[in-house]
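Here the structure is laid out as structure tokens; the discussion comes afterwards.
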Amino acid sequence: MSQPIYLDYAATTPVDPRVAELMMRHLTQDGTFANPASRSHMPGWLAEQAVEGARRQVAELIGADPREIVWTSGATEADNLALTGYMRANSARGRHLITSTIEHKAILDTASALEEEGFEVTRIAPQPDGRISPDSLRDALRSDTILVSLMAVNNELGSLNDLDALGDIAHSHGAAFHVDAAQAPGKVQIDVSRQPIDMLSLSAHKAYGPKGIGALYVRRQPQIKVDALIHGGGHERGMRSGTLPTHQIVGMGEAYRLSAEQFDADHQHLVAMRDQFVAGLACLEGVHFNTDIEVSAPNIVNLAFEGVDGEAMLMALRGIAISTGSACNSASVEPSFVLTGIGVPRPLALASLRFSFGRFTTAADIESALGELRHALTSLRA
Ligand SMILES: *Cc1c(COP(=O)(O)O)cnc(C)c1O
């Protein structure tokens with residue numbers, strides 16, 4: 001069987017060949033392999049230079065100072081560090097955290113762990129379009145709220161939050177604002193020098209970089225205090241110890257540099273792919289949009305198929321790599337909590353699939369996917 005058409009870019013992207021090539025030059029004996037913390041020799045200095053160059057590239061994409069970037073193993077760790085590190089470091093001011101019911105599990109499970117530790121958490125329900133309304137945040141804020149954590153782009157729906165409005169409300173109540181922006185690069189532009197964002201989680205592998213590397217942006221002015229979760233050696237200004245993985249870091253830097261350089265081209269391409277896909281759906285019956293296209297990033301279309309089972313659809317669509325619910329839930333048959341969270345009825349939530357496009361998706365891919373979809377629906381409904 002030939003390779004399936006990959007329409008699961010929201011789960012992970014392939015590494016851009018230009019990124020992979022650069023990473024390769026930071027691994028072997030003839031490359032920049034030394035420990036970037038080695039201060040006593042030239043190979044160590046070169047590795048440090050490579051890491052600091054990548055730190056500037058990541059900072060540049062979001063309008064940060066390079067000193068505000070803390071390397072982590074991915075957005076999951078960045079989310080853990082932001083929430084747990086901030087709540088512990090600032091608990092003298094209050095013990096209340098606000099997030100939403102449709103965040104990534106990296107946020108939701110961390111929030112639950114914080115409750116076990118004695119912190120209090122309010123989880124705001126989204127609007128049916130998947131966005132958090134500023135009013136619902138205003139209602140949830142309390143005098144002891146010290147942190148609000150809401151995502152930039154929802155990973156199952158693509159829905160975009162109004163970060164400026166939400167951050168301003170958090171700040172006007174004296175709470176800090178954290179944003180899980182794992183899905184943002186290449187889809188929405190972020191500029192922390194202008195926006196009311198205090199911490200921001202990033203991942204390389206959702207933007208054509210390698211898996212296993214990410215970063216947390218931590219504002220310096222006014223300074224945000226975060227307790228370390230991983231101790232040993234005091235790397236990353238004490239916030240995250242451990243030998244820095246030079247090859248991963250240069251991979252993330254290059255991926256983000258490319259993301260900035262070709263933002264317009266990437267974005268236009270995603271819109272074209274999405275529009276072609278949506279236009280092709282028009283002739284299919286019983287297709288519901290879980291994604292509200294008007295308020296969502298152009299790379300994700302989440303659909304519900306009336307009168308069919310999601311698992312049966314997935315089987316019938318074996319020529320396309322897609323996911324039911326989010327990748328993290330795909331082992332279970334419970335409906336996606338994100339879909340039920342925006343009010344999709346359980347049977348439709350169970351009959352939903354997420355299609356997500358990327359830099360390497362072609363018009364021919366979309367055409368074939370539509371053909372398979374038409375065929376699967378006809379045979380399953382027969
Ligand atoms: C993928 C993703 C994460 C987790 O990122 P990793 O780098 O894989 O740990 C967190 N939040 C969102 C919104 C994501 O899409």
Side-chain angles (χ1 to χ4, degrees), residues 7-15 19 58 61-62 69-85 99-113 123 126 130-132 149-161 163 166 178-188 190 197 199-217 229-230 240 242 245 248-249 251-253 255-256 259 270 291 296-302 322-331 336-339 341-342 354-358:
L7 296 181
D8 204 13
Y9 279 79
T12 195
T13 60
V15 172
V19 171
V58 170
L61 185 76
I62 60 165
I69 301 298
V70 177
W71 300 116
T72 65
S73 59
T76 299
E77 187 190 328
D79 286 345
N80 273 263
L81 178 57
L83 266 55
T84 306
T99 184
S100 89
T101 57
I102 61 164
E103 298 298 305
H104 190 274
K105 286 284 184 185
I107 294 290
L108 293 176
D109 290 353
T110 303
S112 300
R123 298 165 183 81
R131 303 204 296 174
I132 304 303
S149 176
L150 296 168
M151 68 208 312
V153 183
N154 184 275
N155 48 299
E156 287 193 43
L157 298 165
S159 50
L160 300 167
N161 273 326
L163 301 177
L166 296 166
H178 167 254
V179 174
D180 178 344
Q183 295 281 348
K187 291 128 223 166
V188 283
I190 290 189
I197 297 170
M199 294 183 284
L200 184 104
S201 299
L202 294 166
S203 176
H205 76 95
K206 306 280 174 70
Y208 314 99
K211 295 166 192 54
I213 184 73
L216 181 67
Y217 154 79
L229 304 183
I230 296 178
R240 205 284 193 174
Q248 302 285 82
I249 287 172
M252 181 166 179
Y256 276 37
S259 183
L270 291 173
T291 296
S296 298
N299 62 317
I300 299 178
V301 179
N302 196 314
I322 45 174
S323 75
T324 54
S326 78
C328 311
N329 308 334
S330 54
S336 147
F337 67 90
V338 173
L339 296 181
I342 59 165
R354 177 187 69 183
F355 297 81
S356 52
F357 320 115

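Counting convention: from 1, in listed order, for ligands and their atoms alike. Start at 1 with the first residue, then count along the sequence.
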Indicate whether the side chain of S159 and that of R131 have a donor and an acceptor atom separated by less than 3.5 Å.
-> no
Are D79 and S201 close enough that a side-chain donor and a side-chain acceptor fall under 3.5 Å?
-> yes
Examine distances only and state if a side-chain atom of [X] and a backbone atom of [Y] form a donor-acceptor pair shorter than 3.5 Å.
X    : Y    : value
T110 : A106 : yes
S356 : N299 : no
E156 : N302 : no

Check side chain to side chain donor-acceptor pair (under 3.5 Å) between T12 and all other residues, then give those that pass, not counting sequence neighbours.
-> H205, K211
Can you tell me which residues line ligand 1 if we count any heavy atom under 4.0 angstrom from one of its atoms, in chain and number order?
->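 Within 4.0 Å of ligand 1, protein side: G74, A75, T76, D79, H104, M151, N155, D180, A182, Q183, S203, H205, K206.
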